[in-house]
Amino acid sequence: MDKRAIGVFDSGVGGLTVLREIIEQMPFEDIIYFGDTARIPYGTKSSQTVIKYSQQNVRFLSQYDIKTIVVACNTASSIALKNLQESFDIPIIGVIDPGAKGAVQKTENNKIGVIGTTATVRSSAYQDRIREINPEISVIGTPCPLFVQIVEEGWEDSDVAELAAKKYLIELMDHEVDTLVLGCTHYPLLRYTLNKVLGNKVTLINPAYETAKALKEILTEKKMLRKSGETPVRRFFVSDAPEKFRRIGGNILNMEINNVDEVEIEKY
Ligand code: DGL
């Protein structure tokens, strides 16, 4: 058993959809979460900037006693994961590989759609990984940048969300994908609207769930999970506006977030 905490970072509050799955599947683990709320969004930034930010986030988390880091942000996972794994000694996992594997397992007609931020879709990380696992699969990627704002406004089940989804997803529907990767931290919160627009023939893949599952498998295999029954300590850090994080984050996690501290991330 390894009592050290799991470090998780994201560009903001969205990564709590990943943390929610980690808590669900590994409820006894200590967690240190960093949300880069001062510098969100990552999805519109250049690769160079996303790599620089991600490196700072890992440096910040590494000062704590942690056994592994989860890059909850799809944009950072797409662009910076390899660089992070090469630059730091600590095991680091991202959301792309688990999400891609989950989609490949589910598709029956070998047509998969991927939605995410502009940077994630442009990086082709999901598309490449899916084709690497099975070259017969055709993958189509569509950036849906407005979805992040819609979710942060709390409008995920509204007419606005439905209209945006119809406009964004038309090409994917024409392409007749039977599986759709929700390649952005915020998108699992749009599940209801996406199901409504796409109908029940399209299976939605939540990389957050797949990543928590993969992490649990790794920690179990390495005998690094904490004993059941232990009381977990969960600490939260943000680079700006802790109050807003507490409010929106509490809704995503479905629990009260009390201990949020502000960090000057540029120092790292
Ligand atoms: N967390 C980001 C992602 O999953 C979405 C928000 C952003 O653009 O930073 O890609």
Side-chain angles (χ1 to χ4, degrees), residues 7-22 33-58 61 69-81 83-84 92-100 102-103 113-127 129 141-156 161 164 168 180-191 194 204-212 236-241 244-245 248-249 251-253 265:
V8 181
F9 83 81
D10 178 49
S11 54
V13 79
L16 294 177
T17 57
V18 179
L19 183 56
R20 190 170 71 176
E21 301 293 343
I22 293 176
Y33 181 96
F34 173 69
D36 197 1
T37 47
R39 305 188 295 192
I40 192 175
Y42 283 13
T44 53
K45 304 245 165 36
S46 68
S47 301
Q48 205 186 351
T49 301
V50 173
I51 290 173
K52 180 184 138 195
Y53 289 175
S54 302
Q55 288 227 356
Q56 288 179 313
N57 302 343
V58 170
L61 287 172
I69 289 179
V70 178
V71 183
C73 179
N74 288 254
T75 305
S77 292
S78 303
I79 292 169
L81 183 68
N83 173 291
L84 297 174
I92 304 179
I93 79 160
V95 292
I96 308 299
D97 186 62
V114 174
I115 54 175
T117 64
T118 307
T120 297
V121 173
R122 198 180 289 150
S123 78
S124 197
Y126 273 116
Q127 296 94 309
R129 185 67 190 113
T142 301
C144 305
L146 277 183
F147 281 170
V148 169
Q149 268 86 37
I150 288 173
V151 168
E152 296 218 349
E153 283 296 334
W155 290 352
E156 54 268 29
Y168 280 141
L180 180 66
V181 180
L182 309 181
C184 173
T185 46
H186 291 59
Y187 298 1
L189 300 167
L190 285 157
R191 186 174 272 277
L194 294 172
L204 303 180
I205 300 295
N206 179 1
Y209 166 81
E210 305 293 338
T211 302
F236 298 86
F237 296 90
V238 292
S239 46
D240 193 24
K244 186 175 171 203
F245 180 88
I248 304 183
N251 287 340
I252 297 178
L253 270 191
I265 195 67

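Throughout, residue positions are numbered sequentially from 1 according to the sequence presented. We count ligands from 1, going down the list as the structure has it; atoms in each ligand are counted the same way.
Listed by atom number, the atoms of ligand 1 under 4.0 Å from Ser11 heavy atoms are 1 (N), 2 (C), 6 (C), 7 (C), 9 (O). Counting atoms of ligand 1 from 1 in the listed order, those under 4.0 Å from a heavy atom of Thr75 are 3 (C), 10 (O). In the vicinity of Thr185, heavy-atom distances shorter than 4.0 Å reach the ligand 1 atoms 1 (N), 2 (C), 3 (C), 4 (O), 5 (C). Every atom of ligand 1 with a heavy atom of Gly43 under 4.0 Å away is listed here by number and element: 7 (C), 8 (O), 9 (O). Residue Asp10 approaches ligand 1 through these ligand atoms, each under 4.0 Å from one of its heavy atoms: 1 (N). Numbered from 1 in the order shown, with element, the atoms of ligand 1 that lie under 4.0 Å from a heavy atom of Pro41 read 7 (C), 8 (O), 9 (O).
The stretch residues 10-20 participates, sequence neighbours left out, in no side chain to side chain donor-acceptor pair (under 3.5 Å) pair at all.
With sequence neighbours excluded, the residues satisfying salt bridge (Lys or Arg N to Asp or Glu O under 4.0 Å) with Arg39 are Asp36, Glu266.
Considering backbone and side-chain atoms alike, Asn74 places an N or O below 3.5 Å from some N or O of ligand 1. Checked by distance only, ligand 1 and Ile40 stay at 3.5 Å or farther apart across all their nitrogen or oxygen atoms. Taking distance alone, with nitrogen or oxygen atoms compared against 3.5 Å, His186 stays at or beyond that limit from ligand 1.
At least one donor-acceptor pair under 3.5 Å links the side chain of Ser239 to the backbone N or O of Thr37. Using modelled atom types, no side-chain atom of Ser47 and backbone atom of Ile79 make a donor-acceptor pair closer than 3.5 Å. Here the side chain of Glu21 pairs no donor or acceptor atom with the backbone of Glu210 at under 3.5 angstrom. Listed for the Tyr126 side chain is no donor-acceptor partner under 3.5 Å among the backbone atoms of Gly116.
At least one heavy atom of Cys184 sits less than 4.0 Å from an atom of ligand 1.
In this pair, Phe236 and Phe245 present their aromatic rings tilted. The plane angle is within the 30 to 60° band.
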